[in-house]
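All remarks here apply to the structure that follows.
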Amino acid sequence: MASSQTGIQPPFEKTARSFLENTQLRGNLGHATRTIRDKRQGVVDEMPDWEELREAGRQIKQKVMQNLDHYLLQLEESVTGAGGVVHWARDAAEANRIILDLIKERGETEAVKVKSLTTDEIGLNKALEKEDILALETDLAELIVQMAGDEPSHILVPAIHKNRTEIRDLFREKLGKPDLTDNPAELTEAARRYLRKKFLSANIGISGSNFAVAETGTVAVVESEGNGRMCTTLPQTLISVLGIEKIIPTWQDLEVFMQLLPRSSTAERMNPYNTFWTGTTDGDGPQEFHLVLLDNGRTRVLADPAGRDTLHCIRCSACLNVCPVYERTGGHAYHSVYPGPIGAILTPQLRGLSDKSAASLPYASSLCGACYEVCPVKINIPEILVHLRGRVVRHNKSRGGIRGRVNPERLGMKLLAWTLRSRSRYERAQKVARKGQRWFMHDEVISKLPGMLSGWTDKRDLRPVPEQTFREWWRTRS
Amino acid sequence: MVEDTVMNNTAKEAILQRIRAALGDEQTGWGARKKSAREDTRNLKTERGYRTHSEMNKQQRVRLFVRHVEEYKARVSEISEQELPQTVADICSAEKVEKLVIPPGLDEKWLPGPESGLTYLSDEPDQLSHDELDNSDAVLTGCFRAVAQTGTIVLNAGLGQGRRALTLIPDFHICVVRREQVTGIVPEVFWELEPVIREEGAPVTFISGPSATSDIELDRVEGVHGPRRLHVVIV
Ligand code: SF4
């Protein structure tokens with residue numbers, strides 16, 4: 001109920017294995033995370049008051065969560081006062097239904113859409129598709145992902161798992177341009193032309209939103225390409241989905257997040273475009289504005305005081321880029337639109353621990369703490385991970401003592417079986433096992449971790465090692 | 001429609017009720033929180049230990065702004081206001097601009113005379129259509145403010161800037177920034193925007209360099225959907 005992603009998802013470690021076998025993907029992701037990581041450090045070091053900004057960001061978010069009911073009502077009033085219409089959605093199905101009805105009532109069958117994790121989370125595109133409405137993705141990467149019928153692998157660079165030749169082939173087929181080369185500029189140009197026609201004639205725009213100001217009713221979209229501006233400016237009707245945790249109290253508070261977000265996210269002093277709109281404006285932009293306030297599990301997160309800070313997240317993706325587990329296993333392994341460290345704490349709380357796939361996520365971490373250090377709103381991700389592991393164990397115990405698919409020993413067995421299927425694998429695995437034992441006996445911290453992690457490192461070593469093994473890396477950190 | 005309203009109210013009440021329960025309003029004994037205690041947290045002042053003003057003088061602000069804008073690969077010219085018509089004419093001829101979009105309220109003294117051969121597309125009395133904008137070559141505007149710290153141009157759809165579509169659809173944006181419009185750091189511009197937001201609820205756009213993507217193997221490609229070229233003229 002909390003998520004559109006129903007059906008059984010394989011647990012983290014299973015997909016992680018197939019990712020480790022995909023050298024292309026690992027190459028792309030490694031390159032990407034390193035590039036962004038270094039750039040980010042540069043623009044953060046420029047700011048003498050970075051720590052004060054982080055602290056202000058944390059305090060503002062904390063205040064919001066403590067008074068979420070109040071700020072939501074205030075936002076409803078200010079948006080309504082500025083000419084917008086506010087809708088409330090308890091879950092994904094309700095949000096999708098609201099949006100679907102809005103589109104149908106206007107007799108439309110197509111909408112232009114700007115990348116948004118929230119709309120991915122509720123599975124909006126699929127829900128609309130079922131009723132023959134096309135929500136056209138207009139970010140370059142999202143368009144690529146949509147055309148390929150794929151899933152995004154990085155919050156910020158969703159098509160990071162595709163290389164330029166794959167993209168060229170896709171465009172050749174889907175855009176009917178057989179002569180395209182794999183030059184990124186040429187590929188971008190082809191997409192630009194295709195989408196431009198759509199923008200100029202679209203009647204419905206769909207967006208998420210990065211922030212909404214309770215006091216003034218102002219909604220913000222932060223982006224790089226300009227498609228956010230297109231979607232929020234050109235159509236007659238604009239529909240925006242807002243996770244209820246994205247609210248901030250005052251206009252002044254925006255100055256904090258508009259400094260924290262771009263530097264943490266795309267490692268820029270300011271991203272190319274930010275759009276702030278307040279309801280509707282006569283003769284400028286959409287004349288109809290609908291804001292859909294989405295719960296979909298957020299109040300469930302709020303209910304756990306030890307996990308609540310998860311809602312402070314501004315989706316910058318800095319924690320992904322520093323995460324050794326993410327870098328080596330890829331976004332798809334998280335089976336959620338929220339990958340990486342933030343996904344490991346957010347997804348299980350949003351979906352609840354009965355979701356086996358989600359419940360495996362708190363183990364997808366080595367607790368190294370790098371994510372906490374970079375988080376612009378100071379979410380203590382390692383602490384929440386540990387807390388959630390405790391909750392997972394308690395939850396499984398309460399289900400009659402059978403620990404189900406998150407049982408570390410069982411996973412170990414499965415891995416062993418897989419390893420034994422090939423002789424060379426087996427030989428390598430033996431070596432690993434020897435080292436592994438030593439490792440478990442001597443390292444206090446690690447020996448406390450459940451077998452899942454050791455399973456992960458085993459897999460790691462079964463592959464040729466490009467730079468640094470997990471253990472080497474671990475030693476330099478712990 | 002009535003049904004929709006009922007549904008919406010039910011959802012609203014349910015969400016508010018969930019929030020209140022999550023925050024412990026309804027519990028008793030241990031863990032219970034008084035609603036008033038929550039309300040008190042709302043009045044807590046956020047510690048704003050970060051910089052809210054910069055120490056830079058005008059000269060320093062302009063220098064820093066120029067440096068940052070150039071890093072985005074936008075063009076920058078610094079001229080006196082009298083030179084504007086000639087500079088605009090030069091930029092337009094260099095970039096092969098024939099049809100130039102003009103927002104309402106733009107200072108006419110900025111515009112080159114008929115000898116430039118430019119055709120002006122005005123957004124009043126009738127608004128230009130999306131197609132007319134798409135067929136134009138460039139747009140010339142002023143701005144609300146600029147921010148040195150980030151190389152940002154701030155538009156608030158005021159006089160001389162026009163509605164948002166004007167600075168979005170044309171492929172080339174020529175933006176005139178007066179030296180005194182360059183503020184130092186981000187909080188300063190938010191402070192100046194506050195009355196604009198409160199009183200008029202005007203749409204605000206931040207532009208920091210031309211549109212860009214790094215979506216294909218992280219190669220930065222300038223110009224995806226927004227204007228592909230940006231020329232900032234400082235007067
Ligand atoms: S948890 Fe922090 S670092 Fe990670 S995406 Fe959210 S805000 Fe960014």
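Please read these numbers as outputs of a predicted model, since none were measured by experiment.
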Interface residues of residues 44-54 of chain B facing chain A - non-hydrogen atoms under 4.5 Å apart: B:L44, B:K45, B:T46, B:E47, B:R48, B:G49, B:Y50, B:R51, B:T52
[X] versus chain B, heavy atoms under 4.5 Å apart: side chain, backbone, both or neither?
| X | result |
| --- | --- |
| A:V64 | neither |
| A:R229 | both |
| A:N271 | backbone |
| A:L200 | both |
| A:E223 | neither |
| A:A89 | backbone |
| A:L72 | side chain |
| A:Q252 | both |
| A:L73 | side chain |

Side chain / backbone / both / neither for [X] at chain A, heavy atoms under 4.5 Å:
| X | answer |
| --- | --- |
| B:L166 | neither |
| B:D131 | side chain |
| B:I169 | both |

Enclosure of A:D282 CG (heavy-atom neighbours >12, cutoff 6.0 Å): no
Over 12 foreign heavy atoms within 6.0 Å of CD, B:Q60: yes
Residue list, salt bridge (Lys or Arg N to Asp or Glu O under 4.0 Å) with A:R263, at least two apart or on another chain: A:E46
Please tell me whether [X] and [Y] have a donor and an acceptor in their side chains that are separated by less than 3.5 angstrom.
| X | Y | answer |
| --- | --- | --- |
| A:Q59 | A:E55 | yes |
| A:W88 | A:E76 | yes |
| B:H231 | B:H173 | no |
| A:T278 | A:T218 | yes |
| A:E268 | A:T266 | yes |
| A:D91 | A:N296 | no |

Validation row: B:L230, B:V232 side chains within 4.5 angstrom (heavy atoms): yes
Most contacts with chain A, counted as non-hydrogen pairs under 4.5 angstrom, among B:R42, B:H130, B:K12: B:R42
Most chain A-contacting option - heavy-atom pairs closer than 4.5 Å, from B:T150, B:V186, B:I153, B:L168: B:L168
Between A:L234, A:L68, A:V256, the one whose heavy-atom pairs under 4.5 Å with chain B are most numerous: A:L234
Leading residue by heavy atom contact count with chain B [cutoff under 4.5 Å; candidates A:V43, A:D253, A:T232, A:V222]: A:D253
Contacts of type side chain to side chain contact (heavy atoms under 4.5 Å, CB included), residue B:A157, not counting sequence neighbours: A:D284, B:P203
Aromatic ring proximity B:F206/B:F144, centre distance under 6.0 Å: no
Pairs involving residues 185-198 of chain B, ordered by first then second residue, that meet side-chain hydrogen bond (donor to acceptor under 3.5 Å, both in side chains) (sequence neighbours left out): A:E215-B:R198, B:R145-B:E192, B:E194-B:R198
N-O pairing of A:R54 and A:E51 below 4.0 Å: yes
